[in-house]
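Below are the structure tokens for one structure; questions will follow.
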Amino acid sequence: MGACSALQRADPALLLSSLDLSGAQARIRAVWDEGPEVTVVPEADTDAGRLRALLESAAPGRRVRAVLPGHEREFWAPAEGAPVRARYAWLLDQFSVDSTHWRMKRLNLVAVEADLAAGSADVTLERLDGLGTVVARVPLLAGEELVGAPDWIASRVRTALAEGTGEALPAQPGRPTVLVELHG
């Protein structure tokens with residue numbers, strides 16, 4: 001997730017969405033403005049440099065901008081009014097920090113998909129109690145509003161489930177899916 005965040009932040013013409021984390025290896029769809037769409041399956045420990053090379057080899061003639069200097073060492077957050085792709089990169093960055101929040105709430109992060117037009121991302125979480133999945137629609141906020149996103153998303157999802165709020169979505173038999181709209 002950190003490699004995706006770094007490349008998304010560096011290259012505003014690229015959109016790394018959707019990210020499917022449900023299998024043994026992630027599947028990452030990359031779409032360029034006015035360009036191709038490719039899906040790559042990187043190794044689990046792929047850093048930003050190797051992901052960049054993998055994307056460029058999957059889309060001949062397309063270049064992916066290099067990670068911004070200092071990205072790995074500095075705290076960064078998009079300013080209020082920042083482009084939606086920068087805010088999406090920020091959400092991915094927050095997801096790369098720690099996964100214990102999901103597990104503590106008996107959830108497992110399985111997919112992330114940005115909706116740039118709506119300024120939100122659908123975060124799909126598997127319920128570890130075996131009762132299906134939850135799609136949390138998360139606004140792509142700026143700055144410090146997304147700090148600790150895994151914790152507050154997991155907490156709000158669990159609260160919504162306990163209260164019975166959320167919209168039922170079509171799902172596989174025996175695997176109900178619920179949409180929970182989160183607000184900033």
Side-chain angles (χ1 to χ4, degrees), residues 1-5 7-9 12 14-31 33 37-41 77-78 80-184:
M1 198 69 72
C4 290
S5 168
L7 293 178
Q8 185 65 64
R9 179 183 177 208
L14 175 67
L15 177 63
L16 297 174
S17 179
S18 66
L19 308 178
D20 179 353
L21 311 171
S22 63
Q25 289 179 277
R27 295 178 53 80
I28 301 169
R29 186 179 74 210
V31 181
D33 289 346
E37 177 179 317
V38 298
T39 299
V40 296
V41 182
E80 191 67 37
V84 70
R85 289 180 195 212
R87 295 180 309 198
Y88 177 60
W90 177 232
L91 178 66
L92 296 179
D93 189 69
Q94 290 300 295
F95 287 167
S96 72
V97 174
D98 190 1
S99 65
T100 58
H101 302 288
W102 307 121
R103 299 257 188 254
M104 288 171 47
K105 300 291 184 184
R106 310 263 316 127
L107 299 165
N108 183 40
L109 177 63
V110 294
V112 180
E113 184 161 4
D115 181 342
L116 299 181
S120 64
D122 283 355
V123 178
T124 304
L125 303 162
E126 175 185 32
R127 293 179 61 176
L128 296 178
D129 55 13
L131 298 176
T133 57
V134 177
V135 177
R137 185 152 296 145
V138 179
L140 295 174
L141 304 170
E144 296 179 2
E145 296 173 307
L146 276 181
V147 171
D151 182 41
W152 65 258
I153 292 169
S155 294
R156 290 180 186 183
V157 162
R158 273 299 174 192
T159 298
L161 292 173
E163 294 173 351
T165 58
E167 174 187 336
L169 297 175
Q172 299 172 350
R175 301 277 308 160
T177 301
V178 176
L179 171 66
V180 176
E181 295 267 357
L182 303 181
H183 305 282

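In what follows, every heavy atom counts, from backbone to side chain, and hydrogens, waters and symmetry copies are set aside.
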Review point. So, do Val112 and Thr124 sit near enough that their side-chain heavy atoms are less than 4.5 Å apart?
Key: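 Contact flag for Val112/Thr124 side chains = no.
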Point to revise | Exercise: do Asp20 and Ser18 side chains pair donor with acceptor under 3.5 Å | key: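 Checked: Asp20/Ser18 side chains show no N/O donor-acceptor pair below 3.5 Å.
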Review point. Does Arg9 reach the main-chain N or O of Ala89 with its side chain, forming a donor-acceptor pair under 3.5 Å?
Key: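 Not at all, since once roles are kept as given, no pair shorter than 3.5 Å links the two residues.
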Point to revise | Test item: Arg29 side-chain N/O and Ser17 main-chain N/O as donor-acceptor pair under 3.5 Å | key: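 Checking the backbone N and O of Ser17 against the side chain of Arg29, a donor-acceptor pair under 3.5 Å is found.
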**Study point:** Enclosure of Arg158 CZ (heavy-atom neighbours >12, cutoff 6.0 Å)
**Key:**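 Atom CZ in Arg158 is crowded, with more than 12 foreign heavy atoms closer than 6.0 Å.
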Check your understanding: Arg85 side chain to Pro12 main-chain N or O, any donor-acceptor pair under 3.5 Å?
Key ->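 Here the side-chain-to-backbone pair exists.
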Review point. Under 3.5 Å, is there a donor-acceptor pair between the side chain of Glu37 and the main chain of Val31?
Key: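 Here the side-chain-to-backbone pair does not exist.
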Review point. Do Thr177 and Thr133 get their side chains close enough for a donor-acceptor pair, meaning under 3.5 Å?
Key: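 Yes, because at least one side-chain N or O of Thr177 sits under 3.5 Å from a partner of the opposite role on Thr133.
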Check your understanding: If we only count heavy atoms from C-beta on, is the Leu128 to Arg103 side-chain gap below 4.5 Å?
Key ->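 The answer is yes, as the side chains (C-beta and beyond) meet within the 4.5 Å cut-off.
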**Study point:** Whether Glu113 side chain and Val123 backbone form a donor-acceptor pair below 3.5 Å
**Key:**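 No, Glu113 side chain to Val123 backbone: no donor-acceptor pair under 3.5 Å.
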Practice item. Determine the sole option in Leu179, Val135, Val178 for which the side-chain contact (heavy atoms from CB on, under 4.5 Å) test with Glu167 is passed. Key: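 Result: among Leu179, Val135, Val178, Leu179 is the only option passing the side-chain contact (heavy atoms from CB on, under 4.5 Å) with Glu167.
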**Study point:** Phe95/Trp90 aromatic ring centres below 6.0 Å
**Key:**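 Not under 6.0 Å, so no.
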**Study point:** Heavy-atom pair of closest approach, residues Met1 and Leu21
**Key:**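 Closest approach of Met1 to Leu21, heavy atoms only: CE-CD1, 3.4 Å.
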Point to revise | Any side-chain heavy-atom pair of Leu140 and Tyr88 under 4.5 Å | key: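 When only atoms from C-beta onward are counted, Tyr88 and Leu140 do touch, with a gap below 4.5 Å.
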